[in-house]
Amino acid sequence: MGSPRWRRLWLLLLAALPPSLLLCGQRRGPAGPPASFSSSPPQPEPLALAMPGTSRRAGGRGETLDGGSESGTSSKPSAALEEPKPSRKQPSPCLRSVTARAKADPRFGEIFRFDTPVLMWDQHFTPQTWDRLKTRHVPYGWQGLSHAVVGSTLRLLNTSANRHLFDRDAFPGGCVRCAVVGNGGILNGSRQGKAIDAHDLVFRLNGAVIKGFEEDVGTKISFYGFTVNTMKNSLIAYEEYGFTQIPQAKDLKYIFIPSDIRDYVMLKSAIQGSPVPEGSDKGDRPQKYFGLEVSAEKFKLLHPDFLQYLTARFLRSELLGTRYGALYMPSTGALMLLTALHACDRVSAYGFITANYEQFSDHYYELEKKPLVFYANHDMMLEAALWKSLHRAGIMTLYQR
């Protein structure tokens with residue numbers, strides 16, 4: 001594909017194409033009750049790289065390389081949000097936690113459902129769950145996916161570590177403090193590295209460059225979140241900035257976002273330590289991404305019900321009513337931040353889009369300032385409005401400057 005810069009441009013061009021031309025575009029959006037936040041985003045032009053009057057793209061404010069399906073097909077959003085069955089959570093001893101603050105807020109108290117299952121594991125693969133989720137498109141369900149592939153993958157997620165993001169027993173008597181680190185340019189020169197590393201757990205995602213930026217973004221990493229598509233595209237698009245390997249560490253856990261069948265296939269091969277047997281990643285060796293010594297305990301899989309719940313209740317964009325509605329889903333950064341908000345006691349967000357985003361480059365590791373580009377598969381202004389509202393409500397802390 002030539003130079004890294006041209007390879008990156010090629011990927012961004014793909015991300016902007018409509019469903020009929022996309023090979024790796026997000027599709028499908030769930031329906032449900034209207035969102036409590038509206039950004040009234042500008043309407044995109046056909047085949048445009050950016051919406052009129054804007055110039056924005058996100059990496060941690062949400063990568064635009066977030067395409068999921070390789071099928072190239074699209075569908076209308078589902079007719080109604082199906083409420084997932086309640087999930088038992090580990091109790092928190094923290095008094096002024098996210099849960100407590102959200103429940104006390106008159107607006108967010110009606111939106112948050114903390115009993116929604118965040119992760120999926122083997123016990124979720126029942127005939128009843130299959131029959132329900134096979135009617136919804138990925139990432140909100142399993143329509144069109146192989147029963148054998150989904151089932152054989154989920155049956156490998158059979159340890160207690162697959163049921164929770166972390167073990168609260170490792171944090172006795174206190175509040176679990178989490179930092180979610182996006183890749184926004186606001187972090188360049190921020191000197192927030194020590195503050196980020198001071199958290200108990202740190203989430204990173206997609207093109208998470210650390211080397212050379214430790215003073216601004218820290219070095220600690222507990223979770224790395226991605227779809228197989230965003231992970232692979234990030235390795236190509238941000239290679240010139242030093243992102244040549246996704247993070248690897250003994251205690252690091254990987255959070256799979258099931259955006260397509262390839263995520264289930266890659267996850268299964270990663271656990272088994274074998275080459276990918278089929279699909280667009282056939283022959284690929286997961287060890288080169290996740291390391292040689294991995295087991296099921298190393299991986300987490302977000303529940304399709306959780307993804308639908310987040311989209312319907314927090315980020316139900318007006319884009320769903322446009323020709324790009326089949327592409328829309330929340331960004332990787334948004335999904336990681338909302339995951340943390342449903343699992344941790346205190347949450348701080350770094351490198352996410354803020355009101356003055358135009359003052360900063362797209363990513364913190366870019367040597368030359370590049371504008372943030374808005375694409376039709378995410379609604380970054382709706383996400384920005386949500387982060388601002390959560391910050392003002394005291395439910396989370398949004399780093400701003």
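Because only heavy atoms are used, hydrogens play no part in the values below, and waters and symmetry mates are left out as well, while side chains stay in. Note that the structure is a prediction, hence the values are computed from the model and not measured.
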How long is the span from the [atom1] atom in [X] to the [atom2] atom in [Y], to the nearest 0.5 Å?
{"X": "L337", "Y": "H342", "atom1": "CG", "atom2": "NE2", "value": "10.5 Å"}
{"X": "I186", "Y": "Q359", "atom1": "CD1", "atom2": "CD", "value": "8.5 Å"}
{"X": "W387", "Y": "Q400", "atom1": "CH2", "atom2": "CD", "value": "13.0 Å"}
{"X": "Q123", "Y": "N162", "atom1": "CD", "atom2": "CG", "value": "10.5 Å"}
{"X": "D263", "Y": "I257", "atom1": "CG", "atom2": "CD1", "value": "8.5 Å"}
{"X": "L267", "Y": "T153", "atom1": "CG", "atom2": "OG1", "value": "6.0 Å"}

Checklist line | Residues K220 and D251 bridged, charged N to O under 4.0 Å | finding: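 Looking at K220 and D251, the cut-off is not met.
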Is the distance from the ring center of [X] to that of [Y] below 6.0 Å?
{"X": "F243", "Y": "Y241", "answer": "no"}
{"X": "F290", "Y": "F299", "answer": "yes"}
{"X": "F314", "Y": "Y309", "answer": "yes"}

Just by modelled atom types, is the [Y] backbone N or O under 3.5 Å from a matching donor or acceptor in the [X] side chain?
{"X": "N158", "Y": "R155", "value": "yes"}
{"X": "S152", "Y": "A148", "value": "yes"}
{"X": "D281", "Y": "D284", "value": "no"}
{"X": "D216", "Y": "R191", "value": "yes"}
{"X": "K300", "Y": "A161", "value": "yes"}
{"X": "E215", "Y": "G193", "value": "no"}
{"X": "Y365", "Y": "G207", "value": "yes"}
{"X": "H199", "Y": "A195", "value": "yes"}
{"X": "S361", "Y": "K370", "value": "yes"}
{"X": "K282", "Y": "P275", "value": "no"}

Below 4.5 Å, heavy atoms only, C-beta onward: do [X] and [Y] meet side chain to side chain?
{"X": "L315", "Y": "L310", "result": "no"}
{"X": "N229", "Y": "D260", "result": "no"}
{"X": "C344", "Y": "F203", "result": "yes"}
{"X": "L302", "Y": "M120", "result": "no"}
{"X": "P247", "Y": "R204", "result": "no"}
{"X": "K134", "Y": "D131", "result": "yes"}
{"X": "N188", "Y": "F360", "result": "no"}
{"X": "R401", "Y": "Q192", "result": "no"}

Next item on the list: Decide side-chain contact (heavy atoms from CB on, under 4.5 Å) for V181 and L187; before the verdict, give the C-alpha distance in whole Å, the side-chain angles of both, and the deciding distance to 0.1 Å.
Entry: CA-CA 9 Å; V181 185; L187 288 177; 3.9 Å; yes
Looking only at non-hydrogen atoms, find the nearest pair between [X] and [Y] and report the distance.
{"X": "F352", "Y": "G333", "result": "CE2-O, 3.4 Å"}
{"X": "G212", "Y": "E214", "result": "N-OE1, 3.0 Å"}
{"X": "P277", "Y": "S269", "result": "CD-OG, 3.4 Å"}
{"X": "P258", "Y": "L301", "result": "CB-CD1, 3.9 Å"}
{"X": "A208", "Y": "N183", "result": "CA-OD1, 3.8 Å"}
{"X": "G184", "Y": "Y364", "result": "O-CB, 3.5 Å"}

Evaluate whether atom [atom1] of [X] has more than 12 neighbouring non-hydrogen atoms of other residues, nucleotides or ligands under 6.0 angstrom away.
{"X": "E110", "atom1": "CD", "result": "no"}
{"X": "K211", "atom1": "NZ", "result": "no"}
{"X": "R285", "atom1": "CZ", "result": "no"}

Next item on the list: Look at the aromatic rings of W130 and H147 and report parallel, tilted or perpendicular, splitting at 30° and 60°.
Entry: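 Ring orientation of W130 relative to H147: perpendicular.
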Check: Which of parallel (below 30°), tilted (30 to 60°) and perpendicular (above 60°) describes W121 and H124?
Finding: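 Ring orientation of W121 relative to H124: tilted.
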Item checked: side-chain contact (heavy atoms from CB on, under 4.5 Å) between V180 and M396, worked out -> CA-CA 11 Å; V180 185; M396 74 171 206; over 6 Å; no
Notebook entry, point to check: For T322 and Y328, what are the C-alpha separation, side-chain angles and deciding distance, and is it a side-chain contact (heavy atoms from CB on, under 4.5 Å)?
Noted result: CA-CA 10 Å; T322 72; Y328 174 77; over 6 Å; no
Next item on the list: Can you spot which of R168, R96, R177 makes a side-chain hydrogen bond (donor to acceptor under 3.5 Å, both in side chains) with D345?
Entry: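 Checked R168, R96, R177 against D345; only one passes side-chain hydrogen bond (donor to acceptor under 3.5 Å, both in side chains): R168.
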Item checked: Test log, rule salt bridge (charged side-chain N to carboxylate O under 4.0 Å, His left out), inputs D305 and R136 -> CA-CA 10 Å; D305 277 341; R136 301 202 312 240; 2.7 Å; yes
Item checked: Worked verdict on I246 versus Y254 for side-chain contact (heavy atoms from CB on, under 4.5 Å) -> CA-CA 10 Å; I246 72 168; Y254 297 104; 3.9 Å; yes
Next item on the list: Could you check N206 against Y238 for side chain to side chain donor-acceptor pair (under 3.5 Å), going step by step and ending with a plain yes or no?
Entry: CA-CA 10 Å; N206 292 345; Y238 309 123; over 6 Å; no
